[in-house]
Amino acid sequence: MSKPTILVAEDESALLTLLRYNLERAGYRVLEARDGEEALLIAAEETLDLVILDWMMPQLSGIEVCRRLRQRQETRNVPILM
């Protein structure tokens with residue numbers, strides 16, 4: 001059985017590192033995005049169990065990323081923490 005996958009979209013390196021470390025220790029597979037565009041690309045390519053989304057990021061805001069994820073059938077029901 002594969003590990004649940006979490007996408008962490010965060011542009012601050014220190015916070016991203018802290019989140020990755022703790023989530024991986026808890027048994028999750030962690031994918032990283034440093035801006036909104038990258039988050040959407042990863043979401044289109046991967047099956048996600050959860051998205052942890054920064055509110056203010058380069059390229060696209062977290063709000064816009066959330067809207068676009070909700071518009072796609074594949075990601076409509078994925079939980080999002082902001």
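In what follows, residues are counted from 1 in the order of the sequence shown.
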Item to complete: Give a yes or no on whether Val30 and Leu41 share a hydrophobic cluster (residues Ile, Leu, Val, Met, Phe, Trp, Tyr; joining criterion: side-chain heavy atoms under 4.5 Å apart).
Response: no
Worksheet item: If you take all heavy atoms of Val65 and Gly36, which pair is closest and at what distance?
Response: CG2-CA, 3.5 Å
Worksheet item: Quick one: do Ile80 and Met57 end up in the same hydrophobic cluster if we chain Ile, Leu, Val, Met, Phe, Trp and Tyr together by side-chain heavy atoms under 4.5 Å apart?
Response: yes
Worksheet entry | Polar side-chain atom of Arg76 near backbone of Gln71 as donor-acceptor pair, under 3.5 Å | yes
Worksheet item: What pairs of residues pass the salt bridge (Lys or Arg N to Asp or Glu O under 4.0 Å) test when at least one of them lies in residues 30-43, not counting sequence neighbours?
Response: Arg20-Glu32, Glu32-Arg34
Worksheet entry | Closest non-hydrogen atom pair between Met82 and Ile63, with its separation | CE-N, 3.7 Å
Response to the item:
Interatomic distance, CG@Leu23 vs CD1@Ile6, rounded to 0.5 Å, equals 4.5 Å
Worksheet item: Should Ile42 and Leu69 be regarded as members of a common hydrophobic cluster, given that ILVMFWY residues are connected when their side-chain heavy atoms come within less than 4.5 Å of each other, either directly or indirectly?
Response: yes
Worksheet entry | Leu60/Leu40 under side chain to side chain contact (heavy atoms under 4.5 Å, CB included): CA gap, chis, key distance, verdict | CA-CA 9 Å; Leu60 290 174; Leu40 290 175; 3.4 Å; yes
Item to complete: Check the hydrophobic clustering (I, L, V, M, F, W, Y; side-chain heavy atoms under 4.5 Å; chains of links allowed) and say if Leu16 and Leu81 are grouped together.
Response: yes
Fill in: Pairing residues for Glu46 by the salt bridge (Lys or Arg N to Asp or Glu O under 4.0 Å) criterion, not counting sequence neighbours
Arg29
Worksheet item: Out of curiosity, Glu24 CD to Asn22 CG, how far, rounded to the nearest 0.5 Å?
Response: 10.0 Å
Discussion item. Could you work out, with side chain to side chain donor-acceptor pair (under 3.5 Å) as the rule, every residue matching Glu45, not counting sequence neighbours?
Written reply: none
Item to complete: With sequence neighbours left out, write down each residue that passes side chain to side chain donor-acceptor pair (under 3.5 Å) with Glu12, or none if nothing qualifies.
Response: none
Worksheet item: With sequence neighbours left out, what residues match Arg70 under side chain to side chain donor-acceptor pair (under 3.5 Å)?
Response: none
Worksheet item: Between the side chain of Thr75 and the main-chain N/O of Val78, is any donor-acceptor distance below 3.5 Å?
Response: no
Only pairs under 3.5 Å count here: list side-chain donor-acceptor contacts from residues 48-55, not counting sequence neighbours, and write none if there are none.
unit_1, atom_1, unit_2, atom_2, d
Asp49, OD2, Thr5, N, 2.7
Asp54, OD1, Met56, N, 3.4

